[in-house]
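Notes to accompany the following structure.
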2 protein chains.
Amino acid sequence: MTETLPPSSVGRAVHRTRPGTPRPGIPRQAAEAAILAAAERVFGLHGFRGASVNEIAREAGVPKPNIHYYFGTKEELYCSVLENIMTFWLRDADDWLVPERRAREGFEGYIRAKMAFSRERPDASRIFAYEVLQGAGNIHHYLSTTLREHVARRARTFEVWHRERQMPAIDPVHLMFAIWSMTQAYADMSAQISAVTGHAVLHDSDFEAGLQTILRLVLGFCNDIEDRA
Amino acid sequence: MTETLPPSSVGRAVHRTRPGTPRPGIPRQAAEAAILAAAERVFGLHGFRGASVNEIAREAGVPKPNIHYYFGTKEELYCSVLENIMTFWLRDADDWLVPERRAREGFEGYIRAKMAFSRERPDASRIFAYEVLQGAGNIHHYLSTTLREHVARRARTFEVWHRERQMPAIDPVHLMFAIWSMTQAYADMSAQISAVTGHAVLHDSDFEAGLQTILRLVLGFCNDIEDRA
DNA sequence: GTCTATATGACGATAGAC
DNA sequence: GTCTATCGTCATATAGAC
């Protein structure tokens, strides 16, 4: 748990290179997919330490030892899940936060995409949140290379938009974290939100109201361009 | 862990009413304070499941069994820590988000206070985040009564400010969650922020830049009043 | 390749000496 | 009131039968 992962990636599935293990067969792929899906649910519910391999096995409908056979240790399984999540996590920004778009259109599309992620894959969002809360030891290399470059590209986009007078100058890192924290709250803090609204679980209308609130904060900011000219 | 707590509070320290336990003595108070402080650090680092009573005992400088003697089970200790945190958590809003203040002054003071909390008690913020991620089972009653009323008071404040044309109409629940998620990110997501900035830990300048970004989003929103009149 | 049965170790909790 | 030594439980991991 405290061990540092190899710098190449999030800790890719080690089992494929294990000595003595032949090529993946047909049943293996189905089992692997079921285990990964179950792991995402269970890790998302309880975090790494709180989750037990037993529960993942039950949820996936496979015998417990098969998980170790396919994925090695619990931590290696966890890293496989993390890697899947991060691949998804970065996608939307390259579609929306690019200089070719109008600023308002870009922000709106991106924020909608992030809210959709919170609604459709809340477990994935929570696993990421747990990992970051723990100090992000398993993904530090990824954050300080891939994610940092990702933010740098957004900074160039904002720079262009600012020169074109579509938005005021702003610290790009902190604007991105503001957007991420607000949108991810609808997955990570959903228990708190639903307790306050009184709804047992978050309803579509909650996501819609949250989306509108975030849009008004961020798009309203773009309007400030006149005041600061 | 899955058991529901009595509806009276977060699950107050049960040890005081234990049969056969005399009144608290003098050394007890020092030990209890040390244990609570250590528990806040350790639970904040690893969450409930990830933390071990052993580590808390080491950190507090007391033998492990004393923790059980003072606080009963690990979960009861955890609930004591949670209760301490929540008391602090609500304080600032009653100082700042009240109709007597100007809207801009109120939002600025409140956001500064929340950022100060993230900087000064990051472990407390993280414990709360872990608990909410887990589904908030230990604090559900508290969230659906105390916190809900707390939000309702903010809603009345915003209503007044809106009538006085100091800010546009907005959904108060989602505005509060936007502010909470943005400010708490500087404790809960600090590992991610520092990985992106390249600083080993968050520096004062990071908190300041974050504060300015959040202020511009929220105070800029107040300016929108003219557009929507 | 797959699964049953078991080894190993860590943790929470307590009994009982001081 | 305080602490040493220990018990029972449960989870990860593996050895070995099929």
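Throughout, a chain's letter reflects where its sequence line sits, starting with A, and its residues are numbered from 1. Values in this document were obtained by computation on a predicted structure and should not be read as measured data.
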Mind listing the side-chain donor-acceptor pairs of residues 50-62 of chain A below 3.5 Å, one per line with the distance, residues two or more places apart or on another chain?
{"from": "A:S52", "atom 1": "OG", "to": "A:E55", "atom 2": "N", "distance (Å)": "3.1"}
{"from": "A:E59", "atom 1": "OE2", "to": "A:R41", "atom 2": "NE", "distance (Å)": "2.9"}
{"from": "A:E59", "atom 1": "OE2", "to": "A:R41", "atom 2": "NH2", "distance (Å)": "3.4"}

Short side-chain N/O contact from A:N66 to OP1 or OP2 of C:dT2, under 4.0 Å
no
Protein-nucleotide distance (A:Y78, atom OH; D:dA13, atom P), rounded to Å
15 Å
Each nucleotide of nucleotides 11-18 of chain C classed B (base within 4.0 Å of a protein heavy atom), S (only sugar-phosphate) or -, in 5' to 3' order, makes -BBB----
Using the ring centroid of each side chain, check whether A:Y78 and A:F43 are separated by less than 6.0 Å.
yes
Quickly work out the A:I67 CD1 to C:dT4 P distance and round it to whole Å.
14 Å
D:dT2 phosphate, OP1 or OP2, under 4.0 Å from B:Y70 side-chain N/O
yes
Reference residue B:L211; test side-chain contact (heavy atoms from CB on, under 4.5 Å); the match among B:E108, B:R112, B:M182:
B:R112
Taking the six-membered ring of A:F88 as reference, does the NZ or CZ atom of A:R91 fall below 6.0 Å from its centre and within a 45° cone about the axis?
yes
Taking the six-membered ring for Trp, are A:Y186 and B:H174 closer than 6.0 Å centroid to centroid?
yes
Within 45 degrees of the axis of the six-membered ring of B:W96 and under 6.0 Å from its centre: does B:K114 put its NZ or CZ there?
no
Between CZ of A:R58 and C1' of D:dT12 the distance, given in whole Å, is 15 Å
